[in-house]
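Working notes, beginning with the structure itself.
Within every chain, numbering begins at 1; the chains are lettered A, B, ... in the order of the sequence lines, protein sequences first and strands thereafter. What you are looking at is a predicted structure, and each value in this text was computed from that prediction instead of being measured.
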Amino acid sequence: MSGFSDDMPFFDEPGAAPAAAPSGIAARAMAARQARNSPVDYLSDLNPEQRQAVETTDGPVLVLAGAGTGKTRVLTTRIAHILATGRAFPSQILAVTFTNKAAREMKQRIGLFVGEAIEGMPWLGTFHSIGVKILRRHAELVGLRSDFSILDTDDVIRLLKQLIVAEGLDDKRWVPRVFAQMIDGWKNKGFGPEDIPEGDARSFGNGLGRELYRAYQQRLIALNACDFGDLLLHPIRIFRTHHDILADYHRRFRYILVDEYQDTNTAQYMWLRLLAQRPRSHADEGNAPQGVNICCVGDDDQSIYGWRGAEVDNILRFEKDFPGAAVIRLERNYRSTAHILGAATHLIAHNEGRLGKTLFTDRPDPEDQKVSVHAAWDSDEEARAIGEEIEALQRKGHALNDIAILVRASFQMRSFEERFIEIGLNYRVIGGPRFYERQEIRDAMAYLRVVANPGDDLAFERIVNVPKRSLGDAAIRQIHDTARLLGVSMLEASANLAESDEMKPKPRGSLRAVVANFSRWRDLLETTPHTQLAETILEESGYTDMWKNDRAADAPTRLDNLKELIRSMEDYGSLREFLEHVALVMDKDKNENLDAVSLMTLHSAKGLEFETVMLPGWEEGLFPHQRALDEGGRSGLEEERRLAYVGLTRAKQNLHIWFVSNRRIHGLWQSTVPSRFLEELPEAHIKISEGGSDFGGYGQRSDQAFSSSYATPGWQRARQNRNEATSRNWGNRSGPAVERIGYGEADSGYGAGRGAVKSHTIEGEVVAKSVADTPSAFKVGDRVFHMKFGNGNVASVDGNKLTINFDRAGQKRVLDGFVTAA
DNA sequence: GGGCTTCACATTTTT
DNA sequence: TGTGAAGCCC
């Protein structure tokens with residue numbers, strides 16, 4: 001039952017890869033080539049701990065890599081080292097990451113070391129992509145065919161809704177999305193329908209939780225499909241029930257490397273254990289190395305995904321799981337200044353239950369710039385002040401690309417976006433809706449999925465009446481019932497129905513056409529290049545026409561997206577390869593040519609670094625978030641603190657933290673209290689800033705603010721606010737420590753003149769068409785359309801700045817480059 | 001089937 | 001307050 005015959009090592013000798021290096025990076029490639037010739041070179045750049053992490057190749061290793069300590073470097077060098085010293089072939093190394101981005105980066109960096117040998121690293125990828133690869137080989141063992149589809153969250157929810165309704169339950173009381181999350185949670189823990197706790201099972205659908213879960217799994221098999229969780233759970237099941245297969249993988253993987261180990265959930269942990277812990281009998285046979293060569297790299301202080309199933313415990317108990325493990329700490333930081341590190345280290349020390357690390361740097365910091373803490377009256381002023389600060393930096397030549405604003409929750413982004421649009425400051429939002437989640441892309445994908453896997457009823461159902469073909473709810477139900485009755489796919493059932501007289505003539509006619517189309521496309525699959533096939537499908541189905549005839553403002557964008565989809569298909573060898581890519585790699589490159597400030601959540605900032613970082617919204621209730629406190633208790637608070645730590649450690653040079661006194665929550669203005677995390681910052685490394693000259697006029701330079709018991713008029717007002725706040729439902733802190741944080745009363749408007757701006761982005765998507773300071777082409781009374789605010793009428797024109805009365809958003813001032821004639 | 005109104009809800013997100 | 005989904009009416 002071995003499935004390995006097809007991909008034995010590609011190179012006889014790890015170092016024997018052709019010397020041709022990728023073009024365009026000549027210098028690095030030269031270094032790489034040199035490194036290949038003399039294996040010691042690549043080690044000499046490492047510090048002693050890093051070097052130890054690279055060279056300790058035998059037995060289990062846990063590398064505790066603090067933020068900015070060269071984690072990726074260690075991982076990639078370690079792989080290079082294993083290859084260069086002939087310890088394993090590329091195909092004998094299993095290297096797992098969480099995100100595609102991380103996998104891509106690793107591939108690229110290993111490529112610099114070993115040239116093209118990277119092609120021979122078939123087992124470097126995300127947990128899920130490797131899971132798919134394994135599952136495709138043994139699909140039949142769990143009742144799937146190897147061409148199974150991978151469903152995304154949206155498909156899953158639609159499927160669950162069907163099942164919930166089919167059980168006669170009210171889908172408003174038992175919300176499919178909620179159930180999808182429950183199932184996801186169960187799968188993260190490695191639970192199949194039989195394993196879930198009785199309480200969980202009872203808590204959903206009038207006690208039918210377990211039955212629904214079971215029915216869901218059956219439907220997936222019938223659809224020849226998997227959800228994301230199955231990509232790990234099915235392999236786990238296979239490993240457990242087929243020891244010969246597991247033994248094959250044991251023989252195959254000589255080295256296992258895991259990135260971001262603190263983020264692994266229970267299922268991933270089980271999967272890793274199965275692969276890593278070979279029973280004695282295997283270890284003893286042949287010349288397999290004794291012990292387990294597993295190397296996990298992570299940072300318990302950066303574990304911020306507990307809420308989605310990550311178990312910090314996995315990293316905390318590594319030494320118990322893998323006896324004799326070497327634990328190596330990387331604490332020398334190459335990213336941030338001593339002040340930033342001091343602040344971060346001190347903050348995170350408030351957490352219990354850590355493995356403990358203390359970051360340090362011995363690089364000099366010529367500017368000796370402390371972390372600054374700023375106060376603002378409300379969120380609008382916060383946005384204004386940060387905007388000013390950024391413009392000031394920009395004038396000094398600071399690239400916007402090197403600046404990031406990291407928020408706790410995405411609603412905070414809004415005030416920044418509005419402000420930046422107003423002053424014409426380039427920004428890009430990282431995260432948010434993604435290319436492959438757009439409606440038109442998902443529709444197009446559904447067509448392709450049906451062609452690739454005619455049993456994919458979910459995809460079929462999605463597009464059978466898109467564009468409209470008079471196949472409404474009634475027709476779909478009929479197809480459904482027929483499929484059930486005959487035990488076949490909906491496509492097959494449709495073929496039957498189209499030839500019978502059970503359907504009214506009109507829908508029957510269009511159904512016949514649909515069936516004929518799919519069968520023709522299916523035939524073309526063998527003979528036509530997949531990009532061309534996709535084009536044909538979108539044309540012949542009438543899908544592109546549908547958008548061409550659509551007069552909605554975004555229809556042209558959607559057509560562009562479809563073209564982009566086809567274009568991106570060129571990068572893949574076959575339709576199936578492409579579909580798998582889309583299912584697993586839901587991201588797309590952003591427009592990186594533009595100089596723009598990055599705006600994102602703290603979560604999505606993990607792993608990134610910026611010269612300057614702004615951290616707004618440090619208030620009780622928002623950060624730490626009230627819900628984390630309510631639902632997570634102490635451990636919830638600690639996770640929030642780790643999030644703060646992640647935020648602080650993103651900054652290389654400048655770090656600014658902000659809090660406001662008033663914030664609008666669900667439409668209501670609330671007084672707020674500075675975050676407890678502010679008190680946890682060490683005095684020695686921070687300064688309370690009154691916003692410099694921009695703010696002018698309130699509070700004093702107040703490093704002494706931390707010397708507790710004194711109050712200026714401003715402070716008194718702060719205290720007042722706090723007292724009010726504590727009586728509300730937000731943050732309920734006690735103790736006088738709060739009093740120490742500076743606060744200002746700068747609620748007066750300020751700031752008017754700003755530097756000229758050349759181009760603008762909204763959400764990394766739109767590039768404006770006009771240049772600042774040229775008179776606007778629009779005049780009063782013009783009807784215009786704005787990406788964010790919709791349609792409106794121009795009320796006044798001031799150079800290139802327009803005041804527009806939007807139908808829905810009300811009156812706004814925007815730059816004319818952001819609107820088009822409606 | 002499309003557009004309008006009403007209602008509930010309002011942290012973080014990858015695969 | 002403001003958004004998005006679902007129901008309702010034509």
Checklist entry - Within the structure shown, what part of the strands sits under 4.0 Å from A/Gln268 by heavy-atom distance: base, sugar-phosphate, or nothing? => result nothing
Item to check | Any A/Lys468 side-chain N or O less than 4.0 Å from OP1/OP2 of B/dG2 | outcome: yes
Next on the checklist: Please pick, from C/dT3, B/dT13, B/dT15, the nucleotide with the shortest atom-to-atom distance to any side-chain atom of A/Arg414.
Outcome noted: C/dT3
Item to check | Atom pair distance, as rounded to whole Å: CG in A/Asp154 and P in B/dT14 | outcome: 15 Å
Checklist outcome for this item: Closest to the side chain of A/Arg627, out of B/dT13, B/dG1, B/dT11, is B/dT11
Checklist entry - If you measure from the P atom in C/dT3 to the same atom in B/dT12, how many Å do you get, rounded? => result 15 Å
Checklist outcome for this item: Here the distance between atom C1' of B/dT13 and atom CG of A/Leu584, to the nearest Å, is 16 Å
Checklist entry - With a 4.5 Å limit on heavy-atom distance, are the side chains of A/Trp123 and A/Val96 in contact? => result no
Next on the checklist: Stacking between A/His625 and B/dT11, defined as ring centres under 5.5 angstrom apart with planes under 30°, is that present or not?
Outcome noted: yes
Checklist entry - So, for A/His350 and A/Arg634, which heavy atoms are closest and what is the spacing to 0.1 Å? => result O-NH2, 4.1 Å
Next on the checklist: If you only use heavy atoms from C-beta on, which nucleotide in B/dT11, B/dT15, B/dG1 is closest to the side chain of A/Thr153?
Outcome noted: B/dT15
Item to check | Shortest side-chain distance from A/His128, nucleotide among B/dT13, B/dT15, C/dG7 | outcome: B/dT15
Item to check | Separation of B/dA10 C1' from A/Met413 CE (nearest whole Å) | outcome: 15 Å
Next on the checklist: Ring-plane angle category for A/Phe416 and A/Phe420, please: parallel below 30°, perpendicular beyond 60°, tilted otherwise.
Outcome noted: tilted
Next on the checklist: So that I can tick it off, tell me whether A/Lys606 and A/Asp299 are bridged by a salt bridge, with the cut-off set at under 4.0 angstrom between side-chain N and carboxylate O.
Outcome noted: no
Checklist entry - Taking only N and O in the side chain of A/Lys187, is any of them less than 4.0 Å away from OP1 or OP2 of B/dT15? => result no
Checklist entry - How far does the P atom of C/dG4 sit from the matching atom of B/dT11, given to the nearest Å? => result 15 Å
Checklist entry - With A/Tyr213, which of A/Phe204, A/Trp186, A/Phe191 fulfils ring-ring contact (aromatic ring centres under 6.0 Å, His included)? => result A/Trp186
Checklist entry - Side chain of A/Thr601: nearest nucleotide among B/dT13, B/dA10, C/dG7? => result B/dT13
Next on the checklist: Can you tell me whether the base of B/dT12 sits syn or anti, using the 90° cut around 0 to define syn?
Outcome noted: anti
Checklist entry - Is any side-chain nitrogen or oxygen of A/Ser410 closer than 4.0 Å to OP1 or OP2 of B/dT12? => result yes
Checklist entry - In Å, rounded to the nearest 0.5 Å, how long is the span from CG of A/Leu511 to NZ of A/Lys504? => result 14.0 Å
Checklist entry - What nucleotide, of B/dT15, B/dT13, B/dT11, holds the atom closest to the side chain of A/Ala409? => result B/dT11
Next on the checklist: If I take atom CG in residue A/Asp171 and atom P in nucleotide C/dA5, what distance separates them, rounded to the nearest angstrom?
Outcome noted: 15 Å
Checklist entry - Does B/dT12 have A/Trp307 stacked on its base, where the ring centres are within less than 5.5 Å and the planes differ by under 30°? => result yes
Checklist entry - To the side chain of A/Asn100, which of B/dG2, B/dT15, B/dT11 is closest? => result B/dT15
Item to check | A/Arg158 CZ - C/dA5 C1' separation (whole Å) | outcome: 16 Å
Item to check | Quiz item: A/Arg408 side-chain donor-acceptor pair to B/dT12 base, under 3.5 Å | outcome: yes
Item to check | Nucleotide B/dT12, atom P - distance to CZ of A/Arg641 in whole Å | outcome: 21 Å
Checklist entry - Nearest-Å distance, CD1 (A/Ile150) to P (B/dT15)? => result 13 Å
Checklist outcome for this item: A/His603 has its side chain closest, among B/dT11, B/dT13, B/dT15, to B/dT13
Item to check | Length of the line joining A/Gln626:CD and B/dT11:C1', which is rounded to integer Å | outcome: 12 Å
